[in-house]
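Below is one structure, written out as structure tokens; comments come after it.
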Amino acid sequence: MRRYEVFPDNIDAPLQQASFEPAPLGDTEVAVAIKAVSLNFRDILVTRNTYFAPISGGLVPCSDGAGEVVAVGSQVQGLAVGDRVATLFFPHWQSGKPDARALSDARGAESAGAFTEHFVSDERGLIKLPDGLSYAEGATLPCAAVTAWNSLFEAGDLKPGQTVLLLGTGGVSIFALQFAKAAGAKVIITSSDDAKLERARVLGADHGINYRRHPEWHEEVLRLTGGQGVDVVLEVGGPGTLERSLMSVATGGRIAYIGVLTGLAGAANPVMLIPKASSIQGIFVGSRAMFADMLAAIQTHVIHPVIDREFAFADAPAALEYMKSGSHFGKIVVRVGD
Ligand SMILES: NC(=O)c1ccc[n+]([C@@H]2O[C@H](COP(=O)([O-])OP(=O)(O)OC[C@H]3O[C@@H](n4cnc5c(N)ncnc54)[C@H](OP(=O)(O)O)[C@@H]3O)[C@@H](O)[C@H]2O)c1
């Protein structure tokens, strides 16, 4: 069997293919022939060892995989050989508010990830995929899509008619665009690229702002909302964008603090949260229950994830470089086992 392993100390080749022999299956475990993985910005952080958890050489990367169940342990009840499944980012976060246990063993960082031909998990760490989604589409969901869902509808409490601000056109933002439009919300999205803004408009975005042409983009957000600001911000930029997100949020609005695209260091003054009675909440992906709700919405609204490009298994290092370039719109997928 083949898999990828991460070696952050090897700057020239942090992602390397390796062969391995699968271990015997435990009683509650399930073996999955992974067919596709998707990349997330965090996979860049993992290969650089700048992720929240320290990364050991030899770790199997990637939280997001989808495939076919090929064997089940004697005590497995909910899955059978032939089922189509996706991985959970947090194998222990089943539902409700997270505690330390729920947010432990994050796949592809604190525990082995899905970038392997033979993935083994407790059955509670997998979720069945609906028939309407391909393996490539299913592989895009565990991290970016669940994060977008949690940010909009759990932490963000987004309601029809409200306005959401999305930063850039990467994986999280494009899922959020699709979900927010299906839920009847208005979307303002930013990008460095007019062609990407046009693609976002085709997907339903109400307004696009080029943040290169408008470095003071919060002023455009306020202009477009009649000075009111937006109800929900999905803050994927981090320290470099937070100050403007704070100025973009409406009275009573919510900022879902998700990402670090602009880097880890910096400072933003949150004082205006007080007179606006607005809030900011850290988001860490989501639970199986959120994943299930999201899959129901995906089926009802016939939503298909936006896959920018698919790579062959052997081309994983090129896929990672492509992600680093930021040229993509939506998700990047690597096929496994072909
Ligand atoms: N907390 C969580 O649970 C969680 C979950 C998923 C992701 N994240 C984090 O969220 C962030 C986004 O993840 P992702 O996987 O969606 O990333 P991604 O697909 O790599 O997004 C890349 C895109 O972000 C946009 N971007 C880059 N710098 C920007 C800036 N200064 N302002 C606005 N947009 C900017 C660019 O869009 P344009 O080309 O259109 O300009 C770029 O193409 C990352 O920091 C990731 O680590 C966190």
Side-chain angles (χ1 to χ4, degrees), residues 38-48 50-53 62-64 88-90 93 98 102-103 106-109 140-152 154-155 165-177 188-201 203 205 208-218 221 233-245 248 255-264 266 280-287 290-291 305-309 319-333:
S38 82
L39 300 185
N40 291 285
F41 188 80
R42 91 190 271 260
D43 299 316
I44 298 174
L45 304 178
V46 164
T47 58
R48 290 177 178 154
T50 54
Y51 191 62
F52 300 117
C62 294
S63 55
D64 295 12
L88 297 190
F89 184 99
F90 286 122
W93 190 5
L103 300 189
R107 294 238 157 98
T140 65
L141 301 175
C143 179
V146 175
T147 299
W149 181 269
N150 182 3
S151 303
L152 292 173
E154 302 272 343
L165 171 63
L166 306 174
L167 307 184
T169 58
V172 173
S173 294
I174 295 304
F175 273 121
L177 167 59
I188 301 174
I189 190 164
T190 72
S191 177
S192 57
D193 182 337
D194 286 341
K196 289 183 174 182
L197 288 176
E198 186 49 38
R199 288 182 72 182
R201 277 197 197 93
L203 285 173
I209 303 170
N210 187 315
Y211 62 81
R212 290 260 154 77
R213 217 169 32 253
H214 297 284
E216 308 288 317
W217 45 263
H218 63 285
V221 173
V233 182
L234 265 60
E235 178 36 271
V236 293
T241 49
L242 181 56
E243 196 88 50
R244 289 193 168 76
S245 292
S248 300
I255 298 176
Y257 196 62
I258 301 167
V260 291
L261 287 167
T262 60
L264 297 167
I280 180 164
Q281 183 182 326
I283 300 292
F284 212 174
V285 192
S287 65
M290 295 177 202
F291 203 149
V306 177
I307 298 175
D308 177 279
R309 198 162 151 192
L320 192 69
E321 288 307 309
Y322 183 60
M323 174 139 233
K324 284 181 194 167
S325 78
S327 313
H328 60 287
F329 179 94
K331 294 297 295 178
I332 299 166
V333 165

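Whatever order the structure lists them in is the order used to number ligands and atoms, beginning at 1.
Short contacts between ligand 1 and S191, defined as distances under 4.0 Å to a heavy atom of the residue, involve ligand atoms 38 (P), 40 (O), 41 (O). Here is the list of ligand 1 atoms found below 4.0 Å of a heavy atom in C143: 5 (C), 6 (C). Per-residue contacts place S192 under 4.0 angstrom from the following atoms of ligand 1 (heavy atoms of the residue considered): 38 (P), 39 (O), 40 (O), 41 (O). Of all atoms in ligand 1, listed by their number and element, those nearer than 4.0 Å to a heavy atom of G168 are 25 (C), 33 (C), 34 (N), 37 (O), 40 (O). Short contacts between ligand 1 and V285, defined as distances under 4.0 Å to a heavy atom of the residue, involve ligand atoms 2 (C), 3 (O). Residue contact check: F284 has heavy atoms under 4.0 Å from atoms 3 (O) of ligand 1.
Among protein heavy atoms, the minimum distance from atom 46 (C) of ligand 1 is reached at F41 CB, 3.8 Å. Atom 45 (O) of ligand 1 has V260 N, 2.8 Å as its closest protein atom, hydrogens excluded (heavy atom only). Given atom 43 (O) of ligand 1, the protein heavy atom at minimum distance is G326 O, 3.1 Å. Ranking the protein heavy atoms by distance from atom 8 (N) of ligand 1 puts I258 CG2, 3.7 Å first. The nearest protein atom to atom 21 (O) of ligand 1, hydrogens excluded, is given as G170 CA, 3.3 Å; this is a heavy-atom distance. Protein heavy atom nearest atom 10 (O) of ligand 1, with residue, atom name and distance: G259 CA, 3.4 Å. For atom 1 (N) of ligand 1, the nearest protein heavy atom (residue, atom name, distance) is I283 O, 2.7 Å. Scanning all protein heavy atoms for the shortest distance to atom 37 (O) of ligand 1 gives T169 N, 3.2 Å.
Under the 4.5 Å side-chain criterion, counting only non-hydrogen atoms from C-beta, E235 is in contact with T241. Residues V146 and S287 form no side-chain contact, since every pair of their non-hydrogen atoms from C-beta on lies 4.5 Å or further apart.
Using a 30° and 60° split on the angle between ring planes, F284 and Y51 fall in the tilted class, from 30° to 60°.
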Candidate pair L141 and F175, rule side chain to side chain contact (heavy atoms under 4.5 Å, CB included), full reasoning: CA-CA 9 Å; L141 301 175; F175 273 121; 3.9 Å; yes
Residue pair D194, R213: steps toward the salt bridge (charged side-chain N to carboxylate O under 4.0 Å, His left out) verdict: CA-CA 10 Å; D194 286 341; R213 217 169 32 253; 2.9 Å; yes
Verdict with supporting geometry, R309 and Y322, side chain to side chain contact (heavy atoms under 4.5 Å, CB included): CA-CA 9 Å; R309 198 162 151 192; Y322 183 60; 3.6 Å; yes
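Residue contacts with ligand 1, taken as heavy atom pairs separated by less than 4.0 Å, involve M323 solely via side-chain atoms from C-beta onward. In T262, the part holding a heavy atom less than 4.0 Å from any atom of ligand 1 is the side chain. Here S327 has no heavy atoms under 4.0 Å from ligand 1, in either its backbone or its side chain. Using a 4.0 Å cut-off between heavy atoms, Y211 contacts ligand 1 through its side chain alone, with no backbone atom that close. Residue T147 touches ligand 1 through its side chain alone, judged by heavy-atom distances below 4.0 Å.
The CD1 atom of I307 sits 13.0 Å away from the NE2 atom of H328 when rounded to the nearest 0.5 Å. Within the model, atoms CD1 of I332 and OG1 of T140 stand 12.0 Å from one another, a figure rounded to the nearest 0.5 Å.
Annotation: D193 places no N or O atom under 3.5 Å from an N or O atom of ligand 1; distance criterion only. Between G330 and ligand 1, a contact under 3.5 Å exists for no N or O pair. Considering backbone and side-chain atoms alike, T190 places every N or O at 3.5 Å or more from each N or O of ligand 1. Taking only nitrogen or oxygen atoms, main chain and side chain alike, K196 reaches within less than 3.5 Å of ligand 1. Looking at T241 next to ligand 1, no N or O pair under 3.5 Å apart turns up. Note: an N/O pair closer than 3.5 Å links G171 and ligand 1 by distance alone.
The two residues N40 and S63 come nearest to each other via the heavy atoms ND2-OG, 3.8 Å. Taking every heavy atom of both residues into account, L166 and S173 meet most closely at CD1-O, 3.4 Å. When all heavy atoms are compared, the tightest approach of A176 to L152 is O-CD1, 3.6 Å. Across all non-hydrogen atoms, the minimal contact from I258 to V172 is CD1-CG1, 4.4 Å. Shortest non-hydrogen contact noted between V260 and L45 is CG2-CD1, 4.0 Å. Summarising the geometry of D64 relative to P142, their closest heavy-atom pair is OD1-CB, 3.4 Å, with the distance given to 0.1 Å.
A cation-pi arrangement is absent between R107 and F89 under the rule of less than 6.0 angstrom and at most 45 degrees off the ring axis.
Residue R212 places every heavy atom at 4.0 Å or more from ligand 1.
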